[in-house]
Amino acid sequence: MSDYIGLSPHTGRAVNDGEHIRQCIDRILTTPLGSRVERRRVGSLLPELIDQPLNGKIRMQAMAASVMALAEQEPRIELTRVMLEVGAGAQAGMLAVSVHGRRRGNGRRLEHVVALRG
């Protein structure tokens with residue numbers, strides 16, 4: 001599988017395939033499903049769950065929403081684990097999704113953390 005060359009939305013510089021996958025993971029998980037004109041299927045249900053009380057049910061829904069969105073919208077990765085990380089102490093209020101998997105085609109490991117708040 002050849003490396004994709006794209007552009008960073010933050011710097012305008014070229015990015016390789018791995019960096020582009022990370023950008024896509026960020027965009028998929030932080031975009032409300034149905035909010036993008038002409039791309040209604042891009043996004044996840046995760047933004048709707050962020051402000052809910054953080055109990056066991058919401059944690060499972062958040063992880064499931066992340067897995068379903070990434071499995072459907074990012075075919076370049078195979079997920080092995082998705083975890084919801086909640087800050088404590090000095091990190092109180094921090095919420096992030098930790099994504100672990102492998103890139104399809106070359107099998108390279110992929111680990112990425114998407115900060116949702118904090």
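Please read these numbers as outputs of a predicted model, since none were measured by experiment.
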**Request:** Nearest 0.5 Å please: distance from the CE atom of M63 over to the CE atom of M60.
**Result:** 5.0 Å
**Prompt:** Roughly how far apart are E19 CD and H112 NE2, rounded to 0.5 Å?
**Reply:** 11.0 Å
**Request:** Please step through side-chain contact (heavy atoms from CB on, under 4.5 Å) for the pair L79 and R102, ending with a clear verdict.
**Result:** CA-CA 7 Å; L79 296 172; R102 297 210 176 276; over 6 Å; no
**Complete:** Connected to L45, directly or through other members, by ILVMFWY side-chain contacts below 4.5 Å are L33
**Nearest non-hydrogen partners of S66 and L29, listed with the distance** = CA-CD2, 3.7 Å
**Message:** I need the full list of salt bridge (charged side-chain N to carboxylate O under 4.0 Å, His left out) pairs touching residues 60-72, with sequence neighbours left out, sorted by first then second residue.
**Reply:** R41-E72
**Prompt:** Can you tell me how far CZ of R109 sits from CD1 of I77, rounded to the nearest 0.5 angstrom?
**Reply:** 14.5 Å
**Prompt:** When you look at V42 and Q73, which way does the side-chain contact (heavy atoms from CB on, under 4.5 Å) test go after all the steps?
**Reply:** CA-CA 7 Å; V42 172; Q73 299 169 50; 4.0 Å; yes
**Message:** Any non-hydrogen side-chain atom of L84 less than 4.5 Å from a side-chain atom of L54?
**Reply:** yes
**Message:** Checking V114 against L116 for the side-chain contact (heavy atoms from CB on, under 4.5 Å) test, could you report, in this order, the C-alpha distance in whole Å, the side-chain angles of both residues, the deciding distance, and whether it holds?
**Reply:** CA-CA 6 Å; V114 179; L116 301 174; 4.2 Å; yes
**Request:** Sorted by first residue and then second, give each salt bridge (charged side-chain N to carboxylate O under 4.0 Å, His left out) pair with at least one member in residues 44-63; sequence neighbours left out.
**Result:** none
**Prompt:** Of all heavy-atom pairs between L46 and A62, which one has the smallest distance, and what is that distance?
**Reply:** CD1-CB, 3.6 Å
**Asked** For E74, which residues count as a side-chain hydrogen bond (donor to acceptor under 3.5 Å, both in side chains) partner, sequence neighbours excluded?
**Response** R76
**Request:** Mind listing the closest non-hydrogen atom pair of A96 and A115 along with its distance?
**Result:** CB-CA, 4.1 Å
**Message:** For the CG atom of L110 and the CZ atom of R103, what is their distance to the nearest 0.5 Å?
**Reply:** 7.5 Å
**Item:** For A65 against S44, the heavy-atom pair lying closest together
**Value:** O-CB, 4.3 Å
**Asked** Given V97 and I25, is the side-chain contact (heavy atoms from CB on, under 4.5 Å) satisfied, shown in steps?
**Response** CA-CA 10 Å; V97 175; I25 291 171; over 6 Å; no
**Request:** Please identify each residue that fulfils side chain to side chain contact (heavy atoms under 4.5 Å, CB included) with Q23, with sequence neighbours left out.
**Result:** S8, P9, V15, H20
**Message:** Which residues pass the side chain to side chain contact (heavy atoms under 4.5 Å, CB included) test with S98, not counting sequence neighbours?
**Reply:** M83, E85, H100, V113
**Request:** Working to the nearest 0.5 Å, report the span between CD1 of I50 and OG1 of T30.
**Result:** 8.5 Å
